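Encoded as C-alpha cells, the structure appears first; notes follow it.
What you are looking at is a predicted structure, and each value in this text was computed from that prediction instead of being measured. Letters go in sequence order (proteins before strands), and every chain restarts at 1.
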There are 2 protein chains.
Amino acid sequence: MSQTFFDPSLENRPIRDTAYETLKHAIITGQIPAGSRIVETLYAEQLHISRTPLREALRKLERDGLVEYVLHRGVVVRAFTLEDIDEIFTIRNAMMMLILPSIIERVTDEDIDKLNAILKDMDVAQDAEDAEKLAVYNRQFHGYIEHLSDKRRILRVIDSQEEYIIRFSAVTIASIVRRSKAHQEHHEMVELLKNRDLEGIKKLMQHHLDESKETCLAAVKGRGF
Amino acid sequence: MSQTFFDPSLENRPIRDTAYETLKHAIITGQIPAGSRIVETLYAEQLHISRTPLREALRKLERDGLVEYVLHRGVVVRAFTLEDIDEIFTIRNAMMMLILPSIIERVTDEDIDKLNAILKDMDVAQDAEDAEKLAVYNRQFHGYIEHLSDKRRILRVIDSQEEYIIRFSAVTIASIVRRSKAHQEHHEMVELLKNRDLEGIKKLMQHHLDESKETCLAAVKGRGF
DNA sequence: GCTGAAATTTTTGTATACAATCTGAATACA
DNA sequence: TGTATTCAGATTGTATACAAAAATTTCAGC
C-alpha cells in the first residue's frame with residue numbers, strides 16, 4: 001500500500017475514483033488486512049491527496065460493504081466469516097443461473113472463437129501448473145461468458161460478489177490447479193455454448209460453480225482464513 | 001423536497017447520512033424525477049448544509065445505483081426501463097427462494113403470532129380497500145418473513161432491490177387491492193410457516209412473487225412509467 | 001440576422017481551516 | 001493500589017476558499 005504510487009494528474013477523472021479503486025484493490029488483495037482502521041490523514045498523505053476526495057472514496061467503499069463506519073471513529077476494513085463466503089458464492093451462482101438463457105440467446109461465433117483463445121492460454125497455464133496465471137485466465141473466461149448476457153443489473157450483482165471472491169483467490173489458487181476436472185469442464189462449456197445447448201450448460205454450470213464454491217470453502221477452512 | 005426540513009443538530013450522527021437518506025427517499029418516491037440533475041450548491045442550500053457532506057451522500061447514492069455521475073457535470077437521477085424492473089424483481093425473487101430453508105429453520109411460534117397480527121391489520125385494509133395502507137403492511141409482512149433468515153448478505157441484496165420496488169409501488173398500489181388472491185396467499189403462507197412446510201412454502205412463495213412481478217410490470221406498462 | 005470566438009458565469013474538483021468529539025495518559029484523591 | 005477526573009493530542013465532521021472545467025452569454029465581424 002505505502003509503495004503503491006499513482007499520479008492523479010495523469011488521469012482525466014476525479015482523484016476520488018482512483019483513490020477508491022486503489023483502496024478497493026488493496027483491501028481485496030489483503031494488503032490492508034481485515035480489522036485495519038483507515039485513518040484519513042494517514043492515507044491521504046500516502047496517496048498524496050487531501051482528505052476530501054479520500055473521504056468520498058471511503059463513502060463508496062462503505063456502500064460496497066468493504067469497510068464499516070463507526071461514529072467519530074472512521075472506517076474499519078470488514079472481516080469475512082465462512083458464512084459470508086458461503087453466501088457470496090450462493091448469490092453469485094444463483095445469479096449466474098438466471099442469465100444463462102440470455103447468454104445462449106446472444107452468443108455469436110466470434111464469441112466462441114474468443115473463448116477458445118482464452119482456453120488455449122489456460123491449457124498452457126494448466127500444463128505449467130502456473131496457478132497465478134490460471135486464476136487470471138479463469139476470471140477472464142467466466143467474465144467473458146457472463147458479460148454475453150444483457151442483464152445489466154444482474155451482472156452488477158454478479159460483479160460485486162466476484163470482487164469479494166477475488167479476495168479468497170490467494171487462498172484457493174493452489175486448489176485450482178489440482179482440480180483439473182474444472183479445466184476439462186471449461187472446454188465442455190464452450191462446446192455447449194457453440195451448440196446453444198441451454199439445458200446442457202445449465203447442468204454443467206450448476207455443477208461447476210457448486211464445485212468451485214466447495215473448493216474455496218474447503219481451502220479457506222483448511223488455512224484458517 | 002424543498003419543504004422537507006430537518007435539523008441536523010438534533011441528530012447524533014453525520015449530516016451526510018441524514019442528507020443521504022433524505023435524498024434517497026426523495027428519489028425513490030419520485031419527488032426528484034428521473035433525469036433530474038442534482039446541482040450541489042442548490043441542494044446544499046435547500047438542506048442547509050455545506051457541499052462537503054452533500055457530496056459524500058451523493059457518492060453513496062452513486063454506489064447504490066440511484067444516481068449516475070458524469071465527469072464535470074455532477075450527478076443525474078437514473079431512469080428505469082421495463083427491463084430494469086424485470087431484473088429487479090428477478091433478483092429479489094431468486095434471493096428470496098434461497099433463504100426459505102433458513103427461514104423455516106428459524107421461525108418461532110412468537111414469529112407466527114407477530115405475522116398473524118400483521119395479517120389482521122391487512123384484513124382491515126383489504127376490506128376497506130385502502131391501497132396505501134395495504135402497501136405498507138405488505139412490505140411489513142414480507143420484510144418480517146425475510147428477516148427471519150440469518151443470511152445477512154443475501155438479505156442485503158434483497159433489501160437493496162426492494163428499495164427500487166418501492167419506487168413503483170405508487171403505480172402498482174391500485175392493482176394490489178384488486179388482486180385479493182394475493183391476500184389469501186398471505187394467510188396460506190403463515191399456515192405453511194407454522195407447519196414448517198418447506199416444500200409447500202417454496203411452491204407458494206415462487207407463485208406469489210412471480211404474480212407480484214407480473215402485476216407490477218403490467219401496471220407500469222399500462223401507465224407508461 | 002447569423003457565425004464563431006472571447007469573456008463571463010456556473011458548477012464541479014480539491015485543498016485547507018476550524019469545530020466537535022473521542023481516546024488515552026497523567027494526575028488527584030480515596 | 002485502585003479509581004475518577006481532567007486535559008492534551010489525535011481524529012473525524014463540516015464549512016469555506018480557491019482552482020479547473022464546462023456551459024452560457026456577449027459581441028465583433030460578416
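Evaluation of the side-chain hydrogen bond (donor to acceptor under 3.5 Å, both in side chains) rule for B:Arg59 yields A:Glu56, B:Glu62 as partners, not counting sequence neighbours. Taking A:Asn138 as the reference, A:His186 meet the side-chain hydrogen bond (donor to acceptor under 3.5 Å, both in side chains) condition, with sequence neighbours excluded. Legend: residues meeting side-chain hydrogen bond (donor to acceptor under 3.5 Å, both in side chains) with A:Arg63, ordered by chain and number and at least two apart, are B:Tyr20, B:Asp64. Scanning for side-chain hydrogen bond (donor to acceptor under 3.5 Å, both in side chains) contacts around A:Glu146 gives an empty result, with sequence neighbours left out.
Boundaries of the chain B contact region on DNA chain D are D:dG13 to D:dA23, first to last in 5' to 3' order (nucleotide atom under 4.0 Å from a heavy atom).
Applying side-chain contact (heavy atoms from CB on, under 4.5 Å) to B:Val67 and the options B:Ile32, B:Val76, B:Leu61 leaves one that passes, B:Leu61. Residue A:Arg92 is tested with A:His142, A:Glu162, A:Gln161 for a side-chain hydrogen bond (donor to acceptor under 3.5 Å, both in side chains); the sole match is A:Glu162.
Nucleic acid contact class of B:Arg55 (heavy atoms, under 4.0 Å, all strands): base. Using a 4.0 Å heavy-atom criterion, one finds that B:Leu42 contacts no nucleic acid atom at all. The residue A:Ile38 sits close only to the backbone: its heavy atoms come under 4.0 Å of sugar-phosphate atoms, none of a base.
Remark: C1' of C:dT11 and CD of B:Glu45 are 14 Å apart, rounded to the nearest angstrom. Between the CD atom of B:Glu40 and the C1' atom of C:dG13 there is a distance of 9 Å, given to the nearest Å.
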Taking N or O atoms only and anything under 3.5 Å, show me the protein contacts with nucleotides 18-22 of chain C, one pair per line.
residue, atom, partner, partner atom, Å
C:dT21, O3', A:His72, ND1, 3.1

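Side-chain atoms of B:Glu163 do not come within 3.5 Å of backbone N or O of B:Ile28 as any donor-acceptor pair.
For the pair A:Lys151 and B:Glu87, the salt-bridge criterion is not met [side-chain N within less than 4.0 Å of a carboxylate O].
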